[in-house]
Each structure stands twice: as C-alpha cells, then as structure tokens.
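In what follows, every heavy atom counts, from backbone to side chain, and hydrogens, waters and symmetry copies are set aside. Model, not experiment: these values are computed from the prediction. Note that ligands are numbered from 1 as they come in the structure, with each ligand's atoms numbered from 1 the same way.
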Amino acid sequence: MSDPASDLPFFYGSISRAEAEECLKLAGMADGLFLLRQCLRSLGGYVLSLVWNLQFHHYSVEKQLNGTYCIAGGKPHCGPAELCEYYSKDPDGLVSTLRKPCLRPPETAVRAGVFESLRDNMLREYVRQTWHLEGEAMEQAIINQAPQLEKLIATTAHEKMPWYHGKIDRQEGERRLYSGAQPDGKFLVRDREESGTFALSMMYGKTTYHYQILHDKSGKYSMPEGTKFDTIWQLVEYLKMKPDGLVTILREPCVNPNYSAAATPSVPGVRRSLQSNGYTPPPKAPEGLGVDRRTLPMDTSVYESPYSDPEALKEKKLFLKRTQLMIDEVELGSGNFGCVKKGVYRMRKKQIDVAIKVLKSENENKAVKDEMMKEAEIMHQLDNPYIVRMIGLCEAENLMLVMEMAAFGPLNKFLSSKKDQISVENVVELMHQVSLGMLYLEENNFVHRDLAARNVLLVNQHYAKISDFGLSKALGADGNYYRARAAGKWPLKWYAPECINFHKFSSKSDVWSFGITMWEAFSFGGKPYKVRPADLGGALRGVPHCGTSTSGTAWGA
Ligand code: ADP
Ligand code: MG
C-alpha cells in the first residue's frame with residue numbers, strides 16, 4: 001500500500017524537520033519553495049515545509065476522520081496533491097502561495113517510516129486471523145480493509161520493536177540497561193504496573209533515568225509537557241531526534257532478550273492461541289439465508305463511504321439535490337419523527353440504495369426538526385465501516401436524512417425471526433463488528449447513548465452497522481462525559497446507573513449498553529429484564545423518571 005503522496009515529486013517521506021530545512025537550503029531558499037514530508041506525530045498526516053523571506057515555515061496537514069486533509073483552520077481537500085495544488089493558487093493563511101516545488105533528487109527514494117516496513121506484514125496477519133483468509137481473497141481484503149485497520153494496527157506496532165520489553169518492573173529495566181555496554185541514550189520501553197501505561201528507561205552518564213509516558217484522554221502519548229503522538233513508536237522515533245525534556249536523545253535500543261525480528265505481532269482482538277493452534281472455520285450457515293460465509297463486509301458496497309472515490313468526494317455536499325433522489329413508497333420503519341423509506345440516490349458515477357428518514361410534514365414542531373438536524377450533524381462527522389453513514393440531508397417536501405441502506409433491518413427482529421438458522425458464531429461475528437464501530441466512536445470522543453439491538457442494523461447476515469444517532473453527543477477532545485441537564489425520553493433498560501442517577505453519559509456507559517445489547521443478541525432478540533409488570537414496578541422502584549412503553553422498551557419521560 002503506498003502513501004497517497006508517494007507519486008508527488010516534492011514528497012520526501014519520513015524525514016525530520018532539520019533534514020527538510022537542509023533540502024530547502026540546498027535548493028536555494030527562493031520565496032515559495034516548498035516540499036512535503038510525512039508527519040511524525042499523527043498517523044496519515046503530512047507537514048508542508050515552505051520558504052519565505054529566507055525563513056522556514058512548517059504547516060502540519062492533518063488527516064481528518066472523514067479521510068480529507070487540511071491545514072488547521074483551512075479548507076478540507078480530498079488528497080495531499082489536491083491540497084498542494086490549492087495552496088499553489090491561494091495562500092489562504094499561509095505566508096505565501098506554493099510557488100516552486102523542491103524536487104526530490106532522482107536517485108533518492110521516498111524515505112519509508114518505521115511503521116511502513118512493518119505495516120504490510122501486520123495487516124496481512126490481521127486479515128488472516130480475523131477473516132480467516134488466504135491467497136487471493138486475503139490480498140483483496142487487505143486492499144479494502146487497510147485504511148480502517150491501519151490505525152488499529154499502528155497502536156500495537158511497538159510490540160514488534162526491539163526496544164519494547166513488555167511488563168517488567170523498574171529494577172528489571174535497570175538490570176537490562178546495565179548489562180553489556182552502557183552508552184548514553186541506550187533505552188527501553190516497558191509496561192508499567194498499572195495496565196495501559198508505559199515507561200521509558202534510559203542510560204545517561206552510567207545512571208538510569210525513568211520517565212512516565214503520559215497517555216491522555218484522547219489517546220495521545222507524550223512526555224510531560226511534550227509533543228503528543230498517536231502511537232508509542234512515533235513518540236520514540238521523535239525522541240531519537242529531539243530530547244523533548246529528557247536528559248538526552250534516544251540513541252541505541254536496549255534489545256529485549258526475547259526479541260525476534262520474525263515474531264508475530266499481537267493483533268488487536270485476536271487471541272494468540274488462534275495463531276498457534278490453527279483455526280477451524282465455524283460451520284457454514286444453513287443455505288437459503290442469502291449470503292455465503294465468504295461474503296465479507298468488504299465485499300459489499302457499503303464497506304467504504306460512497307465518497308471514498310476522490311471524484312465523488314469533490315461533489316460532496318451536506319444538502320443533496322431533490323432531483324437526484326428517488327423515494328420509494330416502501331416503508332422500512334417508523335418512529336415519532338415520521339418514517340424511514342427506501343430510495344435510490346443518483347451520484348455521478350453510480351446509483352446507491354438509500355434509507356431516507358422523512359420528517360412528518362405535519363411535524364412543524366421546531367424541536368423535532370432541530371433534533372433531526374443534530375442527528376445529521378453527528379452522522380456527518382462519522383465514517384466507519386461498522387456505522388451507518390449519512391449520505392446527506394435533503395430539504396424538499398419534507399426534511400429528509402439520507403443514509404446508507406442496511407436492508408436486513410434491526411438485529412433484534414432479525415435474530416428473533418431466524419432463531420433456528422443462525423449460529424452462535426454468527427452472533428459473535430456481528431457483535432464483534434458492533435464493538436469495532438463502538439471503538440471508533442470512543443476513539444473519536446462520541447457517546448452514542450442509544451446502543452441497543454434495535455439500533456444495530458444489518459446489511460446482510462454477516463455484516464452489522466450501528467445506527468440511530470438521535471441521542472448521540474460529541475464530547476470534544478478532552479471531555480470524557482456528557483451531563484444531561486434534565487432526564488428525557490430515555491431507554492432506561494439500556495442505561496448504566498450513573499446515567500439514571502446522575503444523567504452522566506460516557507464511553508463507559510456506552511459499554512454498559514453494549515452489555516445489554518450482547519444480552520439481547522445472545523438471547524436471539526429477547527427483551528432485557530423481561531418480568532411480569534408487577535415485578536417490574538418493584539425492580540425499578542426508586543429509579544426516577546421511568547415508565548414502560550408497549551414496545552417493551554423502558555423509556556423514561
Ligand atoms: P428512531 O430514532 O425512531 O429509533 P431509527 O433511526 O432507529 O429511528 O430508525 C427507525 C427504523 O427505521 C429502524 O428500526 C429500521 O427499521 C429503519 N431504518 C433506519 N435506518 C435504516 C437504514 N439505514 N437502513 C434500513 N433501515 C433503516
Ligand atoms: Mg431506533
């Protein structure tokens with residue numbers, strides 16, 4: 001898999017700021033001279049280095065959630081090439097337009113980063129273990145799966161590094177640093193006692209220094225008050241160039257005695273035993289359920305966003321033209337906002353099946369309209385294979401929210417109607433996908449607040465997506481919970497105690513709802529806490545604002 005910038009003649013790959021400045025100096029320091037390099041901090045990002053008035057200016061280009069690229073405060077672009085082209089015409093906040101590319105000398109290749117050399121192997125291993133694919137099918141899956149998995153895999157890449165020593169204590173770290181030569185800058189990274197945090201131990205003047213690696217709420221790693229990184233190995237690479245508060249820069253790795261260059265990296269979510277014991281595929285699902293075991297999520301048209309094609313992305317707008325939308329009479333579902341209808345949306349190159357949430361026309365109630373706009377605003381920011389994507393909004397005879405189609409409908413209904421035909425492995429597979437979708441939400445600081453089997457929609461028997469973002473909230477980068485001012489019409493049976501008692505919602509309370517959803521799934525569409533109404537009154541006594549509706553959902557009002 002190549003970097004989207006790899007064909008640009010002014011892209012240098014993984015070089016440092018100092019090296020970039022050196023290249024620009026050699027090329028003459030003309031005003032508007034520029035080059036592009038890989039960002040060492042954020043995954044998939046770049047840095048644009050530009051000369052103006054004999055000075056260097058470095059702008060970081062972030063890769064956004066929806067796959068677009070932008071310089072902080074600037075417009076989004078569908079790729080690094082488009083971004084550079086844009087700034088070659090309009091400075092739009094930069095010190096100057098990009099005038100003259102600083103070309104990479106023909107004999108120098110784009111410098112690969114540490115992760116690039118590992119990435120392909122790790123992706124291959126992940127796809128082999130998760131999807132049980134080999135050969136051609138595996139290669140195909142890697143091509144499709146890679147963008148989403150890269151981040152997941154990058155977060156465990158440090159385990160493949162010689163300097164990573166796993167869970168050893170401070171004394172053992174010191175013992176390992178003191179064995180053999182003790183040059184300044186010899187270092188190792190180890191897991192600390194408290195799970196999930198890391199420490200860096202290093203040698204300087206024959207003394208060992210220990211630093212805690214901070215891990216903030218948004219998942220970034222850093223030295224105290226230092227630059228923040230998406231992953232541990234990026235932080236280490238950076239500290240090899242800049243001390244960032246350490247006594248000296250990192251130089252020589254203290255190699256883990258158990259390190260082997262050929263070791264299989266651990267793969268998130270897959271038990272190691274699967275690797276060593278060999279894997280037996282689950283029994284094939286009965287015939288007649290439409291989808292063969294081999295049809296994987298990435299084989300479907302809704303795995304990637306319809307806007308993943310750069311041509312389509314260029315035309316992406318929040319509001320869709322009514323003339324491009326055909327609405328069927330078929331109703332897929334309904335709610336108090338109105339109903340969800342089937343339809344087709346015509347794009348430039350293709351037509352896609354869509355589900356359209358139509359606001360009732362008599363619903364002149366502004367509050368309901370606002371709610372739908374809020375739901376759209378949340379969905380607009382999300383792009384993940386295990387989440388129902390919004391295609392756009394359409395304001396015509398009614399306000400309409402146009403989404404990807406998940407034709408097999410809600411998980412609870414599907415499971416209860418197909419009880420005898422669905423294997424437990426199949427349910428595990430679907431719930432694993434729901435967990436991947438929820439992981440994405442947590443990583444990006446969203447709380448769902450209405451995760452339930454009724455809001456997990458199926459594309460087919462083996463592909464689930466999370467839907468219904470009507471109650472969802474964005475937390476902002478450093479908040480970790482949302483507090484509702486007052487209780488609303490809430491699905492109490494899916495809520496953790498702190499939601500009910502303190503109106504406090506976080507990824508942790510989403511985990512609680514995931515637990516209830518698991519219960520629903522593994523009881524093949526059963527109703528949680530189903531007891532006689534008389535008992536229900538007793539069980540929920542003391543819980544404020546709760547009531548039951550005829551659908552079996554306990555809603556608080
Ligand atoms: P509510 O906020 O009223 O719960 P939902 O977003 O859950 O609304 O949608 C209600 C119903 O409409 C769902 O249970 C489902 O049957 C149908 N539906 C919603 N979105 C889709 C979709 N993308 N594809 C297929 N059916 C859908
Ligand atoms: Mg719903």
Inset, instruction - Provide, to 0.1 Å, the distance between atom 25 (C) of ligand 1 and the closest protein heavy atom, together with that atom's residue and name. - result: Ala406 O, 3.2 Å

Legend entry - Location of contacts on Leu332 toward ligand 1, heavy atoms closer than 4.0 Å: both

Legend entry - NZ or CZ of Lys473 within 45° of Phe505 ring axis and under 6.0 Å: no

Legend entry - Minimum-distance N/O/S atom that Asp468 presents toward the Mg ion (ligand 2): OD2

Inset, instruction - Please confirm whether Lys465 comes under 4.0 Å of ligand 1, counting heavy atoms of the residue only. - result: no

Legend entry - Proximity of Asn455 to ligand 1 by residue part, where a heavy atom lies under 4.0 Å: side chain

Inset, instruction - From the options Lys360, Lys357, Glu375, Glu371, select the one residue that forms a side-chain contact (heavy atoms from CB on, under 4.5 Å) with Phe337. - result: Lys357

Inset, instruction - Identify, for atom 4 (O) of ligand 1, the protein heavy atom at the shortest distance, and state residue, atom and that distance. - result: Asp468 OD2, 2.7 Å

Inset, instruction - From atom 14 (O) of ligand 1, work out which of Ala355, Pro410, Gly333, Gly409 has a heavy atom at the shortest distance. - result: Pro410

Legend entry - Point-to-point distance, once rounded to the nearest 0.5 Å, from OH of Tyr87 to NE2 of His77: 4.5 Å

Legend entry - Test item: side-chain donor near acceptor, Glu520 and Trp494, under 3.5 Å: yes

Inset, instruction - Measure from NZ or CZ of Lys504 to the centre of the six-membered ring of Tyr481, then state whether that distance is under 6.0 Å and the direction lies within 45° of the axis. - result: yes

Inset, instruction - Classify the contact between Glu404 and ligand 1 as side chain, backbone, both or neither, using a heavy-atom distance cut-off of under 4.0 Å. - result: backbone

Inset, instruction - Specify whether Tyr221 and His215 have parallel, tilted or perpendicular ring planes, treating 30° as the upper limit for parallel and 60° as the lower limit for perpendicular. - result: parallel

Inset, instruction - Report the relative orientation of the aromatic rings in Tyr46 and Tyr69; use parallel for angles under 30°, tilted for 30 to 60°, perpendicular for over 60°. - result: tilted

Legend entry - Sub-4.0 Å heavy-atom approach of Phe337 to ligand 1: yes

